[in-house]
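A short write-up of the structure that comes next.
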Amino acid sequence: MRLTLWCTTLVVVSGTLVVFLVIVFTDQQLRANAPERRQPPTSVEPNPAAPTGRPPATGRSRVAAEAADLALNASRRIGLELLAGLSGAALVASWFVAGRVLRPVRQLSFAASQISPTRLSDRINLQGPHDELKELADNFDAMLERLDRAFVAQRSFVADASHELRTPLTVMRAEVDVALDDPQATNDTLRSAIRVVGDSVHRMQVLSESLLALARADVRLTTVPVDLADITRSAITTVQSLGFGDRVVTSQLDESPVDGDPVLLERLAVNLVENAIRHNRDGGAVNIATMTDNGFAVLVVENDGDLISDAEITTLFQRFLRRNDATATVAGSGIGLAISTSVANAHEGTITATPRPGGGLAVRVSLPRALAAEHR
């Protein structure tokens, strides 16, 4: 209604101005071309009864003046009638035009009112010329697509996390029930049950820390200048303290300054180093390096484990998807590489994995180099 009134008001004001100017110019032209002004002056005897200051009008001039007045009055009347008709037509036309123009806005409003976690698959799919409203509708559809993917990933993540937490809880409950139901349980039996419960608690602790790191990686970070080489060196020490057999770890850690979250970056390095050691053959080698390359701080972790096909690469970064690897000495949480991907993305970096021809995997993380280091 407001758009209709605005459009009608503009048409009425413009029409009024046009009619007014037409009447004014018509009056000027009629007076300028009147017969008495076009006739040459004639000498007439002064009439004492006639008013002074204006020549007496002849019969012909009076007829012309009356005709001009009639024409001017007719112009005024016709102009006002046309203006009234134009106003009514403008009101009706503006109503339909406003409805046509605002139809996509109504569709956007309706789609927004229908948004819910169970109806994120709906789309506007606005047809028409590529104008501002079409662009707005397309952006709205793209937003719904991103929300749909995010909600699907969230539901899948919650379901997988619940399943992962339920397994150690079930094991703990079974061990406790067996120990309590056995009246003749020996110390060895109780110790064995407690050991199983302790392992399950440790697994839940690792999983909880991983989930916390993953949640932190999905929010805005508070960054400080750090050296990726120092963080990687600390990660190697942490992983080696866990003990993963006789894997041989070599490193070449050059200075690689970045602006980032030290805790999350260390978690990224720990995950990559731990995976490279865990998923490797006995006596296998793990090579770790940090460097700078074209304005990026780079971390590369390689091992020489089993052959990995290109088809497996994309599945390695999925949450809670474990590779069936017989060389793994300790079962992981299944979200190590997913956490590493989230951390790299949060730092506006990238992470890629490439199978090595002789077996094993090479994982490369590229993070933007620290701004302070760029200006040295």
Side-chain angles (χ1 to χ4, degrees), residues 1-20 80-163 211-223 261 264 314 317-321 335 338-339 341-351 368:
M1 178 60 69
R2 284 198 301 269
L3 183 58
T4 299
L5 294 178
W6 273 108
C7 294
T8 303
T9 301
L10 289 176
V11 172
V12 171
V13 171
S14 301
T16 302
L17 182 61
V18 170
V19 170
F20 174 77
L80 293 176
E81 292 175 353
L82 290 176
L83 182 61
L86 179 64
S87 300
L91 182 64
V92 176
S94 298
W95 176 265
F96 285 104
V97 170
R100 177 65 181 85
V101 171
L102 295 179
R103 187 180 302 164
V105 179
R106 292 194 186 96
Q107 292 178 330
L108 283 171
S109 177
F110 178 77
S113 66
Q114 298 299 311
I115 291 178
S116 66
T118 58
R119 294 196 57 179
L120 288 175
S121 60
D122 294 344
R123 300 292 182 268
I124 298 176
N125 293 325
L126 183 65
Q127 304 298 322
H130 290 277
D131 52 12
E132 290 81 358
L133 291 176
K134 179 68 164 59
E135 183 179 358
L136 177 62
D138 291 343
N139 290 334
F140 192 85
D141 286 343
M143 180 192 69
L144 289 178
E145 179 68 25
R146 292 192 297 271
L147 286 175
D148 192 15
R149 290 198 301 267
F151 271 82
V152 170
Q154 183 187 45
R155 286 192 291 266
S156 176
F157 174 73
V158 171
D160 292 338
S162 301
H163 175 75
L211 294 175
L212 179 60
L214 188 60
R216 286 192 58 196
D218 290 335
V219 300
R220 187 177 180 86
L221 303 178
T222 301
T223 61
D261 186 316
L264 289 180
T314 56
F317 294 93
Q318 297 180 13
R319 297 172 178 179
F320 299 107
L321 185 62
I335 58 176
I339 292 174
T341 303
S342 297
V343 172
N345 293 337
H347 288 82
E348 299 181 357
T350 59
I351 180 170

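Treat the numbers as computed from the prediction; the structure is a model and nothing was measured.
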Exceeds 12 heavy-atom contacts within 6.0 angstrom, atom CD of Glu348: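 Counting other residues, nucleotides and ligands, CD of Glu348 stays at 12 neighbours or fewer.
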
Flag if over 12 foreign heavy atoms under 6.0 Å of CD, Glu135: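 Not more than 12 within 6.0 Å, no.
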
What are the two closest non-hydrogen atoms of [X] and [Y], and how far apart are they?
| X | Y | answer |
| --- | --- | --- |
| Asn345 | Gly349 | OD1-O, 3.7 Å |
| Thr4 | Ala98 | OG1-CB, 3.8 Å |
| His347 | Leu264 | CE1-CB, 4.4 Å |
| Thr8 | Ser87 | CG2-O, 4.0 Å |

Is there side-chain contact between [X] and [Y], with heavy atoms separated by less than 4.5 Å?
| X | Y | value |
| --- | --- | --- |
| Val11 | Leu86 | yes |
| Glu132 | Leu136 | no |
| Met1 | Leu5 | yes |

Test side-chain contact (heavy atoms from CB on, under 4.5 Å) applied to Met143 and Asn139, step by step: CA-CA 6 Å; Met143 180 192 69; Asn139 290 334; over 6 Å; no

Heavy-atom donor-acceptor pair, Thr16 side chain to Val12 backbone, under 3.5 Å: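 Yes, because the side chain of Thr16 sits within donor-acceptor range (under 3.5 Å) of the backbone of Val12.
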
Side chain Ser94, main chain Leu91, donor-acceptor under 3.5 Å: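 Side chain of Ser94 to backbone of Leu91, a donor-acceptor pair under 3.5 Å: no, none is there.
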
